[in-house]
Amino acid sequence: QAHVEESGGGSTQAGGSLSLSCVISGGSPSNDNIAWFREAPGKEREFVAAIDWYGGHRVYADSVKGRFTISRREVRNTAILQLNSLKPEDTAVYFCAAGSRPGALSSERPYEFWGQGTQVTVSS
């Protein structure tokens, strides 16, 4: 099965930026939808952003709209989540997920392969 791995997490101050990378190996990554979710302490996992298999449709959570951008790289096994204007409430472990199952891109249903997560910490 496919393997998903995130990188690029780190620490920054409020207003700063980070770029997260999601690399998918195995399977058929060019035909997979890719999404980012996050888990903050004491909270359930929540949707952040998604991009469809072709890269023509993007979906964002209201809380990150206008600040985060998801994109598909020319090497289509890689997706980037650009996080700008970061806020302390963005602090969480960010997970990348990939898959082609039926379901809304903002739900967990399409995604069968998940990474281990990368920590993003934003200080005030």
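This chain uses plain numbering: 1 for the first residue, then up along the sequence. It should be emphasised that the depicted structure is a prediction, and the values quoted were computed from it without experimental measurement.
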Colleague: Is there a side-chain contact between His3 and Phe113 in this structure, where contact means two heavy atoms from C-beta onward sitting under 4.5 Å apart?
Modeller: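 A side-chain contact under 4.5 Å is absent here.
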
Colleague: Can we say Asp90 and Lys87 salt-bridge, meaning some charged N sits less than 4.0 Å from an Asp/Glu carboxylate O?
Modeller: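 Not counted as a salt bridge, because no side-chain N and carboxylate O are separated by less than 4.0 Å.
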
Colleague: Which atoms form the tightest heavy-atom contact between Asn33 and Pro110, and what is the distance?
Modeller: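 Nearest pair, atom of Asn33 first, then Pro110: ND2-CB, 4.3 Å.
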
Colleague: Do side-chain atoms of Arg72 reach the backbone of Gly56 as a donor and acceptor pair under 3.5 angstrom?
Modeller: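 Here the side-chain-to-backbone pair does not exist.
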
Colleague: Side chains of Ile24 and Ile34, heavy atoms from C-beta outward: is any pair under 4.5 Å?
Modeller: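 Yes, close enough: below the 4.5 Å cut-off.
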
Colleague: How far apart are the closest heavy atoms of Gly8 and Leu18, and which atoms are they?
Modeller: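 Looking at all heavy atoms of both residues, the shortest contact is O-CD2, 4.3 Å.
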
Colleague: With heavy-atom distances below 4.5 Å as the criterion, would you say the side chains of Thr78 and Cys22 are in contact?
Modeller: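 In short, these two side chains do not touch, never coming nearer than 4.5 Å.
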
Colleague: Would you name the heavy atoms of Val59 and Phe47 that are closest together and state the gap between them?
Modeller: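 Where Val59 meets Phe47 most closely, the heavy atoms are O-CZ, 3.5 Å.
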
Colleague: Does some side-chain heavy atom of Ser21 sit less than 4.5 Å from a side-chain heavy atom of Val23?
Modeller: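 Yes, side chains in contact.
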
Colleague: Which heavy atom of Ala14 sits nearest a heavy atom of Ser124, and at what distance?
Modeller: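 Closest approach of Ala14 to Ser124, heavy atoms only: CB-CA, 4.4 Å.
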
Colleague: Any side-chain to backbone donor/acceptor pair from Tyr94 onto Leu81? Under 3.5 Å, distance only.
Modeller: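 The answer is no, because no donor-acceptor pair under 3.5 Å joins these two groups.
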
Colleague: Is there a side-chain contact between Leu20 and Ile80 in this structure, where contact means two heavy atoms from C-beta onward sitting under 4.5 Å apart?
Modeller: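 They are not in side-chain contact.
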
Colleague: Centre of Trp36's six-membered ring, under 6.0 Å away, within 45 degrees of the axis: is that where NZ or CZ of Arg58 sits?
Modeller: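 Judged by the rule, Arg58 and Trp36 form no cation-pi pair.
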
Colleague: Among all residues two or more places apart in sequence or in another chain, which pass the side-chain contact (heavy atoms from CB on, under 4.5 Å) test with Ser63?
Modeller: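 Checked Ser63 against side-chain contact (heavy atoms from CB on, under 4.5 Å); matches are Arg38, Ala61.
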
Colleague: Can any side-chain N or O of Glu6 pair as donor or acceptor with the backbone N or O of Cys96 at less than 3.5 Å?
Modeller: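 Yes: the side chain of Glu6 pairs with the backbone of Cys96.
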
Colleague: Would a distance-only check, ignoring hydrogens and angles, find a side-chain to backbone donor-acceptor pair under 3.5 Å from Asn77 to Ser25?
Modeller: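 Looks like no, no N/O pair under 3.5 Å.
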
Colleague: Quick one: closest heavy-atom pair of Tyr60 and Ala49, and the distance?
Modeller: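 Heavy-atom minimum between the residues: CD2-CB, 3.6 Å.
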
Colleague: Would you check, one step at a time, whether the test side chain to side chain contact (heavy atoms under 4.5 Å, CB included) holds for Val48 with Phe68?
Modeller: CA-CA 9 Å; Val48 177; Phe68 294 3; 3.7 Å; yes

Colleague: Which of parallel (below 30°), tilted (30 to 60°) and perpendicular (above 60°) describes Phe37 and Tyr111?
Modeller: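 Judged by the thresholds at 30° and 60°, the geometry between Phe37 and Tyr111 is perpendicular.
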
Colleague: Please assess Lys65 against Arg67 for the test side chain to side chain contact (heavy atoms under 4.5 Å, CB included), listing each intermediate value before the final yes or no.
Modeller: CA-CA 5 Å; Lys65 192 173 299 182; Arg67 300 188 297 120; over 6 Å; no

Colleague: Got a donor-acceptor contact below 3.5 angstrom from the Arg101 side chain to the Arg109 backbone?
Modeller: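 Pair absent, no side-chain N/O of Arg101 close to backbone of Arg109.
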
Colleague: Looking only at side chains, do Asn31 and Ser100 share a donor and an acceptor under 3.5 Å apart?
Modeller: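 Side-chain D/A pair, Asn31 to Ser100: absent.
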
Colleague: So do the side chains of Leu83 and Ser17 get within less than 4.5 Å of each other, counting heavy atoms only?
Modeller: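 When only atoms from C-beta onward are counted, Ser17 and Leu83 do not touch, as no gap falls below 4.5 Å.
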
Colleague: Decide yes or no for Glu108 and Arg45: does some side-chain heavy atom of the first lie under 4.5 Å from some side-chain heavy atom of the second?
Modeller: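 Glu108 vs Arg45: side chains touch.
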
Colleague: For Thr118 and Gly9, indicate whether the former's side chain and the latter's backbone hold a donor-acceptor pair under 3.5 Å.
Modeller: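 Indeed, once roles are kept as given, a pair shorter than 3.5 Å links the two residues.
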
Colleague: Hey, any chance Phe95 and Val120 share a hydrophobic cluster, counting ILVMFWY side chains that come within less than 4.5 Å of each other, even indirectly?
Modeller: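 No: no chain of side-chain contacts under 4.5 Å links Phe95 to Val120.
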
